[in-house]
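Beneath this line is the structure, given in structure tokens, with notes to follow.
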Amino acid sequence: MSEASSSRLLYRGSLSLPDSYILLDGLTFSANLLANKDLLHNPLALALESMRGRPSLRLKGTELLKNICIDPSDDVCMDIHPSATLSRVYFENMLCLSHLSPDGRTETGVRVALGDTDGPATTEILIFGKIHSSLTTPSLTIHVARIIPATRAPRPDDPTPRKPPQHLLTRTQSIGELAANTRIKVKGDDSEVVRRAREVMLHLPNSKPRGRGKDKERGSAGFKVPTLPAKKANHAPEGDVFGSVSDAKGKARAVDEGICDIEQENKSIIKKFTVRHLDAVGVSKTHPEFKELFGFVYRGTAFALRTTIKRSPVSARALEMLVEAHIKLYVTSPT
């Protein structure tokens, strides 16, 4: 069987460098069919095949093999196209210049993520080199392995399964019967004491409290919750020399509402007079200085009428004279 027929192409594309637009192209990931007869049970092969259609995989950086746990049983290799000069130079510097561990692997590998996120569901792989001994000269083969979570070492606070004491077990009982809440008969010198104590507890006289129910009924009959006084149907609030409190609040509220209405109406009239007189002198709403002139005239007129604007309607003649005076002051240029 030839080498081409004994391998299955899983993914062909490139690696995207972080924070860069440079791509390491010309990469091919393949699985050895002689070692992986059933690819459906090969997680790494399935993950790489699911990446088909993506132009590139995400390169995360370099990683020391002693700091992570990998699963090399998937037997997936990577090849670099001879024309991909940048990719060849990168992996030669990363893998060929790295020291070899006692098992023939490079101490440094390249970490790649198969996805756009860094969550726990994202599969991450490690590309590393492994020495390949041959009759002529040894060469370095690029292998790919899946990164798996590291097994946590046991801690002192971890619960330890323990066996029950031997004196609790009899010849006919097992641990399963103890877990099923079965009673254990204690055999020994104190069995007679336990039997007598059980008989005493079972033949105790009935000790019912005497007179407790009568005392309770007598106490409940002696103490009664007093009823609430009857509410008066027509109870008017007491007033003082200044009149009723509710009447005073109602009058004050009515006066405040009347003052607010008069003030708002006067301000609305001042705005209308200001717009009309500004338009008469050629300053319409489309004029570039309309907002500033309107603000100065409106605020100046309202300030001049501050003593009467809240009490009574403003005279149209007085209002017209004040608006014209402000417009002459701001619009007419001084001579």
Side-chain angles (χ1 to χ4, degrees), residues 1-18 23-81 84 87-88 90-92 94-96 98-133 139-155 158:
M1 184 181 289
S2 61
E3 184 180 357
S5 60
S6 63
S7 300
R8 175 180 174 83
L9 176 64
L10 302 177
Y11 174 79
R12 182 169 57 191
S14 58
L15 299 180
S16 60
L17 299 179
L23 296 177
L24 301 177
D25 55 351
L27 306 180
T28 303
F29 297 86
S30 59
N32 188 1
L33 294 180
L34 298 179
N36 298 280
K37 297 182 179 180
D38 189 5
L39 292 179
L40 293 178
H41 295 84
N42 192 327
L44 181 56
L46 295 176
L48 286 171
E49 285 202 1
S50 65
M51 294 291 107
R52 288 187 177 184
R54 297 175 62 98
S56 62
L57 303 178
R58 189 159 52 94
L59 190 147
K60 299 188 67 175
T62 58
E63 191 77 33
L64 294 176
L65 269 72
K66 63 180 182 180
N67 296 337
I68 58 175
C69 294
I70 59 176
D71 183 14
S73 61
D74 298 329
D75 198 4
V76 176
C77 298
M78 189 189 78
D79 298 316
I80 305 175
H81 196 273
S87 300
R88 294 178 65 87
Y90 177 80
F91 281 100
E92 285 177 359
M94 289 292 106
L95 303 181
C96 296
S98 175
H99 296 282
L100 295 177
S101 58
D103 57 354
R105 300 175 184 173
T106 57
E107 294 183 352
T108 307
V110 179
R111 191 165 187 162
V112 179
L114 305 183
D116 298 328
T117 60
D118 292 330
T122 303
T123 303
E124 293 187 354
I125 61 175
L126 188 73
I127 303 174
F128 61 95
K130 188 176 182 180
I131 197 71
H132 178 69
S133 60
S139 59
L140 198 67
T141 307
I142 302 178
H143 286 258
V144 183
R146 184 169 49 94
I147 300 176
I148 58 178
T151 56
R152 184 177 64 85
R155 298 184 301 188
D158 289 342

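Annotation for Met51 and Gly115: closest pair SD-N, 4.4 Å, computed over non-hydrogen atoms. Considering all non-hydrogen atoms of both residues, Leu27 and Phe91 come closest at CD2-CE1, 4.2 Å. Here the shortest heavy-atom pairing between Asp25 and Ala84 reads O-CB, 3.3 Å.
Proximity of Leu59 to Pro18: side-chain heavy atoms (C-beta onward) are separated by under 4.5 Å at one or more points. Contact of the Ile148 side chain with the Cys69 side chain is registered, since non-hydrogen atoms from C-beta on lie closer than 4.5 Å. Contact check for Ile125 versus Leu114: side-chain heavy atoms found under the 4.5 Å cut-off. Using a 4.5 Å heavy-atom cutoff, the side chains of Arg105 and Ile70 are in contact. Inter-residue side-chain proximity for Leu65 and Leu126 is flagged as met; some heavy-atom pair is nearer than 4.5 Å.
Atom CZ of Arg54 has more than 12 neighbouring heavy atoms from other residues, nucleotides or ligands inside a 6.0 Å radius.
A distance of 9.5 Å separates SG in Cys96 from CZ in Arg88, rounded to the nearest 0.5 Å. One finds the OG atom of Ser101 at 9.5 Å from the NZ atom of Lys130 (value rounded to the nearest 0.5 Å). How far CG of Asn42 is from CG of Asp75: 8.5 Å, rounded to the nearest 0.5 Å. One finds the OH atom of Tyr11 at 13.0 Å from the CD atom of Glu49 (value rounded to the nearest 0.5 Å).
Just one of Ile127, Leu44, Asp79 meets the side chain to side chain contact (heavy atoms under 4.5 Å, CB included) condition when paired with Phe29; it is Ile127. Each of Asp118, Asp116, Thr117, Thr122 was checked for a side-chain hydrogen bond (donor to acceptor under 3.5 Å, both in side chains) with Arg58, and the lone residue meeting it is Asp118. The only member of Leu57, Leu17, Val110 that meets side chain to side chain contact (heavy atoms under 4.5 Å, CB included) when paired with Leu24 is Leu17.
Scored by the salt bridge (charged side-chain N to carboxylate O under 4.0 Å, His left out) test, Arg146 finds Asp71, Asp74 as partners (sequence neighbours excluded). When the salt bridge (charged side-chain N to carboxylate O under 4.0 Å, His left out) test is applied to Glu107, no partner is found at least two apart in sequence or on another chain. Evaluation of the salt bridge (charged side-chain N to carboxylate O under 4.0 Å, His left out) rule for Arg111 yields Glu63, Glu124 as partners, not counting sequence neighbours.
For the pair Ser30 (side chain) and Ser7 (backbone), a donor-acceptor distance under 3.5 Å is absent.
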Discussion item. For Leu23 and Leu15: C-alpha separation, side-chain torsions, deciding distance, then whether side-chain contact (heavy atoms from CB on, under 4.5 Å) applies.
Written reply: CA-CA 6 Å; Leu23 296 177; Leu15 299 180; over 6 Å; no
Worksheet item: After noting the C-alpha distance and the side-chain angles of Leu140 and Thr106, does the key distance pass the side-chain contact (heavy atoms from CB on, under 4.5 Å) rule?
Response: CA-CA 9 Å; Leu140 198 67; Thr106 57; 4.2 Å; yes
